[in-house]
Number of protein chains: 2
Amino acid sequence: MSTRLEPTKNRARAAPTRAQDPEGTRQNIIEVAAQEFALNGLSGARIDEIAAKTRSSKRMIYYYFGSKEGLYLSALENAYRQVREGEAQLDVAGLPPLDALKRLVEFTFDHHHQHEEFIRMVMIENIHHGEFLERSGVIRELNVTAIGNIEAIYAKGLADGVFRPGLDPLEIHWQISALCFFNVSNRATFSKIFGKDVGSPAAQASLRQQAVEMVLRFVTRPDQLP
Amino acid sequence: MSTRLEPTKNRARAAPTRAQDPEGTRQNIIEVAAQEFALNGLSGARIDEIAAKTRSSKRMIYYYFGSKEGLYLSALENAYRQVREGEAQLDVAGLPPLDALKRLVEFTFDHHHQHEEFIRMVMIENIHHGEFLERSGVIRELNVTAIGNIEAIYAKGLADGVFRPGLDPLEIHWQISALCFFNVSNRATFSKIFGKDVGSPAAQASLRQQAVEMVLRFVTRPDQLP
DNA sequence: AGGAGAGTACGAACTAGTTAGTACATTTGC
DNA sequence: GCAAATGTACTAACTAGTTCGTACTCTCCT
């Protein structure tokens with residue numbers, strides 16, 4: 001009837017057929033999808049394009065994720081998970097508060113810098129008013145613990161008398177995020193408007209150090225400043 | 001041959017035909033387009049949708065702007081122009097450096113807050129790696145003068161001995177932008193992750209004041225701090 | 001003064017190509 | 001043998017852009 005399947009048997013024996021690997025297929029699809037969504041946005045990304053770059057097929061995308069939006073949500077969740085896992089690597093427990101906060105800012109700065117794809121996913125999600133993030137129970141759980149670090153550092157800094165009272169750890173987190181996030185998210189327009197590549201290693205080193213300074217000066221008690 | 005044009009004459013006489021208004025039509029299209037692009041992104045916005053919300057028609061969009069991208073570019077340029085014109089309202093020439101910088105940060109914070117549509121356009125443009133901004137000669141001209149204010153303030157602050165030396169006005173602008181931009185751009189995800197509406201008046205007031213403090217503490221000579 | 005032309009402004013219907021999603025058949029691993 | 005996993009071919013709806021035709025406005029000629 002049809003000839004299109006004839007080579008199958010041969011292929012099956014010629015090379016050890018790629019075993020069925022649901023989890024691998026799923027993961028592969030998600031990774032490709034994340035790239036495409038991060039690059040083109042939700043509406044800009046093309047399912048056919050994603051499928052083509054996959055080791056799998058369009059059929060499988062719908063088999064596993066149901067719809068384009070389902071795929072986007074999974075990719076978003078995956079991105080958050082990866083990044084939070086990376087952040088969990090940071091350990092500042094033993095450090096004095098000032099050093100700990102410095103490390104935290106540096107780490108966040110570098111981490112955001114290294115995960116541009118994640119930053120772009122968050123930008124895109126904000127364009128969509130965070131509606132997919134809202135639908136996802138998973139993501140909120142991942143993030144609530146993210147301020148734990150700052151809370152601990154701030155508490156210790158207060159106790160030691162080096163930080164000033166009255167600050168909200170969530171707001172400190174907000175400010176660190178602002179400085180580190182903007183550095184990646186707005187690099188393109190900023191560089192092009194002012195004709196200076198703020199992504200260059202020299203510029204980044206300077207901005208990084210200044211981000212640290214800003215946060216430390218903000219949190220430190222004035223009489224503790226050098 | 002065709003019947004579809006029969007009603008034309010009647011229509012022409014029945015109601016006093018709306019006068020031709022090229023500039024008005026153009027402007028109306030751009031305003032609607034900006035809204036739609038800001039809401040849905042370049043690929044997410046629909047020409048038919050834009051046309052429908054216009055007082056004009058799809059035909060006119062292509063008549064005036066040539067293509068979807070042409071329309072997007074015009075909307076982007078318009079957004080930048082509007083915002084920069086608004087910023088030009090700020091006059092801090094007479095103020096002492098510290099007060100001037102404080103005003104500048106407050107003004108930027110408020111201005112970004114009030115121009116969410118513009119912020120979203122910039123976000124979208126960053127998703128596109130600033131390629132349209134690059135194509136536009138207009139926009140760069142508008143912006144290069146934007147740091148003029150900071151340069152003047154910083155120079156005066158140095159002369160008065162209240163600011164510390166060695167800072168780059170462009171980097172100060174970068175930091176102010178980061179704090180004020182992030183406040184609008186990432187409100188959705190931030191609020192949803194931490195279950196707190198950072199857009200509420202109370203939260204905004206606090207973040208605003210802290211943005212001012214951060215910048216002032218960063219720029220001020222330590223021995224000049226209260 | 002007024003009418004012919006020309007260029008500008010506008011509208012409705014159409015089209016070619018794209019795109020998310022599906023029906024159906026087949027294979028693989030247990 | 002059976003359920004989960006996968007491949008191929010298709011479609012219905014959408015979407016950027018176009019075609020063809022009309023109406024308005026200004027100018028310039030006489």
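Every chain is numbered from 1, with letters handed out A, B, ... down the list of sequences. Quick note: numbers below take in every heavy atom, side chains included, and nothing from hydrogens, waters or symmetry partners.
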For this session: Mind checking Ala51(A) for me? I need base, sugar-phosphate or nothing, with any heavy atom below 4.0 Å counting as a touch.
Result: nothing
Seminar exercise, completed: Numerically ordered, the residues 32-41 of chain A set in heavy-atom contact under 4.0 Å with DNA chain C is none
Problem set entry | Qualifying residues under side chain to side chain donor-acceptor pair (under 3.5 Å), relative to Tyr80(B), sequence neighbours excluded | none
Problem set entry | Distance test, side-chain N/O of Thr25(A) to OP1/OP2 of dT6(D), below 4.0 Å | yes
Exercise. So, is Ser56(B) near the phosphate of dC10(C), with a side-chain N or O under 4.0 Å from OP1 or OP2?
Worked result: no
Exercise. Within this structure, what is the CG-to-C1' distance between Asn28(A) and dA5(D), rounded to whole angstrom?
Worked result: 15 Å
For this session: Determine which pairs satisfy salt bridge (charged side-chain N to carboxylate O under 4.0 Å, His left out) with at least one residue from residues 31-46 of chain B, sequence neighbours left out, and list them in order.
Result: Glu36(B)-Lys53(B)
Exercise. Taking CZ from Arg26(A) and P from dA5(D), how many angstroms apart are they, rounded to a whole number?
Worked result: 10 Å
Problem set entry | Sidechain-backbone polar pair: Asn28(B) side chain, Thr54(B) backbone, donor-acceptor under 3.5 Å | no
For this session: Round to the nearest Å and state the distance from Asp48(A) atom CG to dA20(C) atom P.
Result: 6 Å
Exercise. Is any side-chain nitrogen or oxygen of Ser57(A) closer than 4.0 Å to OP1 or OP2 of dT6(D)?
Worked result: no
Exercise. To the nearest Å, how far apart are Gln27(B) CD and dA9(C) C1'?
Worked result: 17 Å
For this session: Only counting residues at least two apart or in another chain, list the ones meeting salt bridge (Lys or Arg N to Asp or Glu O under 4.0 Å) with Glu87(A).
Result: Arg84(A)
Exercise. Can you pull the salt bridge (charged side-chain N to carboxylate O under 4.0 Å, His left out) pairs that have at least one residue in residues 122-138 of chain A, sequence neighbours excluded?
Worked result: Glu69(A)-Arg135(A), Glu131(A)-Arg135(A), Glu134(A)-Lys192(B)
Exercise. What integer distance in Å separates Glu23(B):CD from dC24(D):P?
Worked result: 21 Å
Exercise. What residue pairs, at least two apart or across chains, pass salt bridge (charged side-chain N to carboxylate O under 4.0 Å, His left out) with a residue in residues 202-211 of chain A?
Worked result: Glu106(A)-Arg208(A), Asp110(A)-Arg208(A)
Problem set entry | Interface with DNA chain D, restricted to residues 59-76 of chain B and to heavy atoms under 4.0 Å | Arg59(B), Tyr62(B), Ser67(B), Lys68(B)
For this session: For Glu49(A) and Asn40(A), test the side chains for any donor-to-acceptor distance below 3.5 angstrom and give the result as yes or no.
Result: no
For this session: Please state how far atom CG in Leu42(A) lies from atom P in dA20(C), giving the value in whole angstrom units.
Result: 10 Å
For this session: Using side chain to side chain donor-acceptor pair (under 3.5 Å) as the criterion, list what pairs up with Asp197(B), not counting sequence neighbours.
Result: none
Exercise. Please, which pairs that meet ring-ring contact (aromatic ring centres under 6.0 Å, His included) have at least one residue in residues 42-73 of chain B, sequence neighbours excluded?
Worked result: Phe37(B)-Tyr72(B), Tyr72(B)-Phe132(B)
Exercise. When the distance from CZ of Arg46(A) to C1' of dT19(C) is rounded to whole Å, what number comes out?
Worked result: 7 Å
